[in-house]
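Heads up, the thing below is written out as structure tokens.
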Amino acid sequence: MMPVTHEMNNFEMPECDGDVLTVKDLHFSYPDGHAALHGVSFNLCSGDKVALVGPNGAGKSTLMLHLNGILGGHGEVEVAGKCLTRDNLPAIRAMVGLVFQNPDDQLFSPTVFEDVAFGPLHMGLPEADVCARVNAALEAVRMSAYRDRLSHHLSVGEKKRIAIATVLSMNPSLLILDEPSAGLDPRARRTLINLLRELPITMLVSTHDMKLVEELFPRTIIMDEGQIVADGLTHEILEDEKLLTAHGLEKP
Amino acid sequence: MMPVTHEMNNFEMPECDGDVLTVKDLHFSYPDGHAALHGVSFNLCSGDKVALVGPNGAGKSTLMLHLNGILGGHGEVEVAGKCLTRDNLPAIRAMVGLVFQNPDDQLFSPTVFEDVAFGPLHMGLPEADVCARVNAALEAVRMSAYRDRLSHHLSVGEKKRIAIATVLSMNPSLLILDEPSAGLDPRARRTLINLLRELPITMLVSTHDMKLVEELFPRTIIMDEGQIVADGLTHEILEDEKLLTAHGLEKP
Amino acid sequence: MHFDAFDRYHEKASFLHRLDPRVKALVTVIYIVSNALLPDGAWLAFVGAWIFLIAANLLSQLGTGYTFKRSIIALPFALIAITVLFSMPGKPLSSFFFLAWNFTITDMGLLRFVSILIRSWLSVQMAILLVAVTRFPDLIHALEHLRVPAILTTIIAFLYRYLFVLTDEVFRLLRARESRSAAEAGNRSGGGVLWRAKVAGNMAGQLFLRSYERSDRIYNAMLSRGYSGHLYTLNPHEMKPGDYYVTAFAIAVIFIVQLIGRL
Amino acid sequence: MHFSPTPLHIPDGFLSIAISAVCWAITIVTLGFAISKTNKALGEKQIPLMGVMAAFVFAAQMINFPVAGGTSGHLLGGALASIVLGPWAGMLVMTAVIAVQALLFQDGGLLVMGANILNMGLVTAAIGYGLYRGVVSQSKTVKLGVAGVAAWLSVMAGALLTALQLWLSGTSQLTIVIPAMLGVHALIGLGEAFITVAALSFILQTRPDLLGEDSESAKGGRGWVVAGGVIALAVVLLSPLASTDPDGLNHVAMDLGFFQTAQSGVGPLAGYAVPFLNSAIASKIAAGILGVIVAGIVALLVGRGLKSQIANRKPPVSNLQSSIANRKSKIVNQKS
Ligand SMILES: Nc1ncnc2c1ncn2[C@@H]1O[C@H](COP(=O)(O)OP(=O)(O)OP(=O)(O)O)[C@@H](O)[C@H]1O
Ligand SMILES: Nc1ncnc2c1ncn2[C@@H]1O[C@H](COP(=O)(O)OP(=O)(O)OP(=O)(O)O)[C@@H](O)[C@H]1O
Ligand SMILES: [Mg+2]
Ligand SMILES: [Mg+2]
């Protein structure tokens with residue numbers, strides 16, 4: 001595919017204090033030669049809740065996999081001032097909580113407890129701390145009663161919430177969610193929206209659900225063909241119909 | 001779960017000539033004892049395009065699996081005047097095209113051609129007819145160029161359209177789609193909507209996408225807890241906010 | 001998730017449910033070994049072993065008949081052993097003609113056949129009881145602590161977790177195939193056996209690819225939660241004095257059963 | 001619910017302690033090797049890969065296809081797993097599958113699990129991979145043909161071993177159990193062969209990299225070819241021998257000292273006292289039928305392979321276009 005150069009739409013943004021995440025000129029090609037990211041730059045301020053939208057294949061998931069070093073492209077990724085290098089990797093993975101689209105990929109242990117404890121255990125925390133963190137994380141997603149349940153007995157909405165708990169238990173300073181509302185019915189979706197609204201953590205959320213974007217995120221980033229084509233206040237971006245249709249999006 | 005008796009909301013409906021599908025007092029319990037359908041009755045007229053909505057677990061998919069005899073409960077199911085019995089099963093499966101939510105379940109052959117040809121081949125048609133049917137079906141979903149592609153490598157939207165072609169190739173008189181728009185990006189969703197609008201076949205479509213319901217279907221059936229709780233003109237049903245919220249739905 | 005039917009665990013608050021899974025696994029294995037060691041025709045010992053089983057059933061609060069009902073699954077295999085009826089030298093009991101041959105059932109043959117069946121039947125029931133009173137994840141922990149290599153127990157844990165996801169996928173695939181298995185009046189439908197085999201093979205291939213790619217995503221999810229090649233688990237179980245007493249008592253009883261069988 | 005696609009899962013009580021112990025010993029030693037080898041070969045990625053693959057084999061065993069008269073063909077999976085994952089990983093995966101079948105569903109016993117793993121996991125993987133490894137650099141048609149034969153033989157090998165163990169335990173009579181087991185499994189093996197070949201051909205078509213030169217399936221040592229060949233030969237030679245000349249086998253067993261350890265003094269020697277299929281003629285006929293079936297499969301597979309190759313040959317232009325299209329679509333959709 002030819003890299004298309006997109007005009008960057010600039011919107012005005014409020015000032016921010018202290019960056020949680022800085023990405024500078026990130027390039028990445030998959031081993032088969034397909035270039036998925038062509039110079040992506042943006043930053044997230046502490047407390048930001050940002051939506052990442054764009055058509056299928058835009059590179060959203062690829063970008064997200066870079067933010068905690070699962071993929072490594074050319075360019076700079078800094079989390080809370082720490083450069084993403086091999087030595088920093090464990091620390092950065094503790095700070096960035098990545099939740100994948102399909103909760104069945106995220107919940108790989110037989111019981112809920114074991115899954116939520118996986119992260120803290122691998123950070124080398126003592127047993128008492130692990131238990132405390134698991135309890136706090138389950139409390140945060142209101143699933144304390146599910147501690148000893150088997151993961152495969154849960155409904156999709158419940159699995160989604162447990163998946164979020166699995167990364168909350170690592171006390172991340174940045175939460176990254178890949179299409180959290182896909183496949184949920186209206187009620188489960190509403191519960192998830194409320195949960196995300198209440199969580200006091202910086203988050204970057206990729207989604208195709210424009211209604212979710214409008215309701216929940218003050219700021220939106222549009223990606224297409226491996227580039228950021230717009231970054232600004234959600235209500236301004238959603239007004240720009242030409243921009244939206246140019247990138248396969250729709251007003252909610 | 002206790003069977004709750006819902007008040008049936010009656011809406012006026014236009015007259016219809018010739019039923020494609022009649023379902024009368026259908027009851028069904030899963031082998032584990034969970035009662036999923038408690039007396040479902042409705043009919044579809046030739047040319048109808050009907051939406052089937054309701055919260056998760058309402059029994060929509062269960063109902064759809066009855067319509068071509070994959071599940072068999074107590075009650076009557078008639079397709080184009082034929083009762084659903086063991087002897088009629090093969091013929092009824094030729095008339096009712098069922099498309100599952102996840103196109104990956106529907107596409108089990110390596111190439112698009114083989115997948116679309118499965119139905120006609122199984123029906124024992126001669127080779128020339130099979131090819132003609134495959135071509136016509138792919139033409140109908142505008143995917144003729146994809147004939148020899150590997151299904152595995154298509155995008156979700158493309159897979160959805162091929163999945164529809166796999167049943168169109170059997171010349172069904174009734175198309176049943178389970179959550180066709182789930183997981184599609186706005187552009188792919190738009191393409192699908194246009195496709196469904198143009199297909200000149202009676203269809204029953206289950207979905208959580210209320211916007212799709214509003215745009216595409218003149219008639220809507222609401223299910224909850226194994227019962228039909230409303231059946232009428234879409235624009236009337238969507239006005240009835242009390243009804244919608246009572247069944248976990250939202251106005252688009 | 002619809003295949004919860006796979007779970008054999010029965011939630012109860014019984015004595016056996018609370019026992020440490022290691023104890024339950026160990027006693028089950030010893031019991032089965034003991035059955036295999038009992039000589040043919042040790043009727044009294046078989047009765048002893050049976051009483052042991054019934055007592056365990058009672059302690060599980062599942063009812064005396066619980067394991068009995070499910071124990072039929074081992075029966076078809078008994079066909080394999082039927083030849084010992086005729087092949088053991090001994091006093092002829094009865095003989096009959098079947099086709100062109102004359103079959104003679106001997107007393108030793110009968111003795112051996114019945115002994116094999118009883119051993120198998122008792123052992124299967126104990127295994128059924130084990131999974132009915134132990135959650136499978138706990139059983140995996142037990143294996144871990146009984147020194148089964150970690151790589152095997154983790155594979156088993158993953159297998160258990162994804163068993164449900166993948167069998168769901170298989171059933172959806174089978175449903176999709178079934179719903180397109182149609183016929184038109186007057187046509188001989190169904191295709192050839194080879195073609196049908198190929199479709200089944202395609203489904204297996206499809207399932208393989210999806211599983212393979214899923215394992216990639218799971219690996220990513222594990223990496224992002226700090227996995228680096230070593231798996232750590234908490235030990236949620238602790239052997240209490242009571243667990244030791246139960247183990248000792250059970251072994252003693254099984255030992256007595258052996259003695260009875262050899263007297 | 002009874003899941004086993006083949007009657008190979010021996011329950012507890014049917015094998016003697018001695019035979020169970022010998023099988024456990026062989027199994028444990030082999031698994032020890034397998035564990036150390038896979039640790040080296042696959043690295044940290046092995047855990048989720050093998051875990052999910054084990055679930056795959058389990059689930060794939062439920063895929064069936066209607067044959068005639070209400071029966072259906074199934075997959076056992078040992079050959080397929082070892083061909084795509086490499087022999088050692090394949091063995092571990094099969095071990096997990098058999099363990100869960102025994103632990104969770106009582107499909108196969110606990111004390112005899114060593115024997116079940118040996119019969120259905122280790123031997124099937126060794127023979128399946130061994131034969132395939134011999135032709136790994138050959139054309140697609142040859143690879144698929146050999147994989148089919150290997151899959152069929154893997155089921156036969158498992159059946160033969162099971163029969164021998166039952167006989168050595170004094171549970172059944174050699175002259176009956178061998179023809180019975182092999183006869184049934186000659187048919188079951190056909191299902192195995194067909195599904196294995198079709199699944200491999202699917203993978204070759206959609207993700208050739210998984211079976212390519214750098215994959216695990218091409219990396220196994222040359223020794224596997226020998227191992228696979230020897231087992232295959234043993235199956236082919238031993239089956240007719242075992243049915244025609246049980247005396248010979250008994251002698252071998254005596255010499256090896258199996259007999260004394262085998263339970264319950266009388267033992268299987270009395271085996272052929274019953275005039276049931278004991279004529280050399282019947283057994284030779286059985287052996288002949290088996291041979292014909294093997295030859296038939298090879299011919300069928302080669303024929304089909306050729307046919308699909310011809311069918312795939314398209315005019316050069318469209319071929320080029322479709323290969324470009326394929327590349328593109330691959331790129332776009334690798335994300336899943
Ligand atoms: N195989 C099964 N065994 C037992 N219960 C089942 C099975 N499949 C579905 N159910 C139950 O039957 C009820 C109806 O399920 P169904 O899948 O028809 O709901 P649905 O309306 O399609 O929901 P969704 O919107 O989530 O697709 C649910 O309570 C579900 O848990
Ligand atoms: N493993 C891979 N190998 C090669 N190309 C890949 C791989 N994964 C993704 N790609 C390609 O990289 C591009 C970006 O993919 P990515 O998954 O990041 O898109 P996305 O924006 O997340 O799309 P979606 O909305 O469908 O999730 C796509 O063109 C995709 O085909
Ligand atoms: Mg994505
Ligand atoms: Mg449904």
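Being a predicted model, the structure only gives us computed values, none of them experimental. Each chain gets a letter, A, B and so on, in the order the sequences are listed, and its residues count up from 1.
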So, the part of A/Met170 with a heavy atom under 4.5 Å from chain C: the answer is side chain
| Residue C/Phe68 excluded, over 12 heavy atoms near CZ under 6.0 Å | no
Counting heavy atoms not belonging to C/Lys12, are there more than 12 under 6.0 Å from its NZ? yes
Rounded to the nearest 0.5 Å, the CG atom of C/Leu163 sits from the NE2 atom of A/His152 at a distance of 8.0 Å
Bottom line for A/Ile70: the part with an atom under 4.5 Å from chain C's heavy atoms is side chain
Nearest heavy-atom approach of C/Ser224 to A/Phe100 is OG-CE1, 3.7 Å
One should read off an interatomic distance between A/Leu71 CG and C/Asn220 CG, to the nearest 0.5 angstrom, of 7.0 Å
So, the part of A/Glu114 with a heavy atom under 4.5 Å from chain C: the answer is side chain
Between the main-chain N or O of A/Leu107 and the side-chain N or O of C/Arg161, is there a donor-acceptor pair closer than 3.5 Å? yes
(request) For atom NE2 of A/His74, decide whether the heavy atoms of other residues, nucleotides or ligands shown that lie under 6.0 angstrom number more than 12. (result) no
Plane angle bin for C/Phe164 and A/His153 - parallel if under 30°, tilted between 30 and 60°, otherwise perpendicular: perpendicular
In this structure, OH of C/Tyr219 is separated from CZ of A/Phe108 (nearest 0.5 Å) by 12.0 Å
Okay, A/Asp178 and chain C: the region with an atom under 4.5 Å from a heavy atom over there is neither
| said: Using only atom types and a distance under 3.5 Å, with no angle test, would you say the side chain of C/Tyr162 pairs donor to acceptor with the backbone of A/Asp104? | reply: yes
Output for pair (C/Arg135 CZ, A/Arg149 CZ), nearest 0.5 Å, gives 10.5 Å
Tightest non-hydrogen contact, residues C/Ala221 and A/Asp105, listed as CB-O, 3.6 Å
Practice task
Say whether, by atom type as modelled, one donor and one acceptor occur between the side chain of C/Arg225 and the main chain of A/Gly97 under 3.5 angstrom.
Solution key: no
Rounded to the nearest 0.5 angstrom, the CE-OG distance for C/Met222 and A/Ser109 is 8.0 Å
OH (C/Tyr160) and OG (A/Ser151) are apart, to the nearest 0.5 Å, by 9.5 Å
When the 4.5 angstrom heavy-atom criterion is applied to A/Val99 and chain C, the contacting part is neither
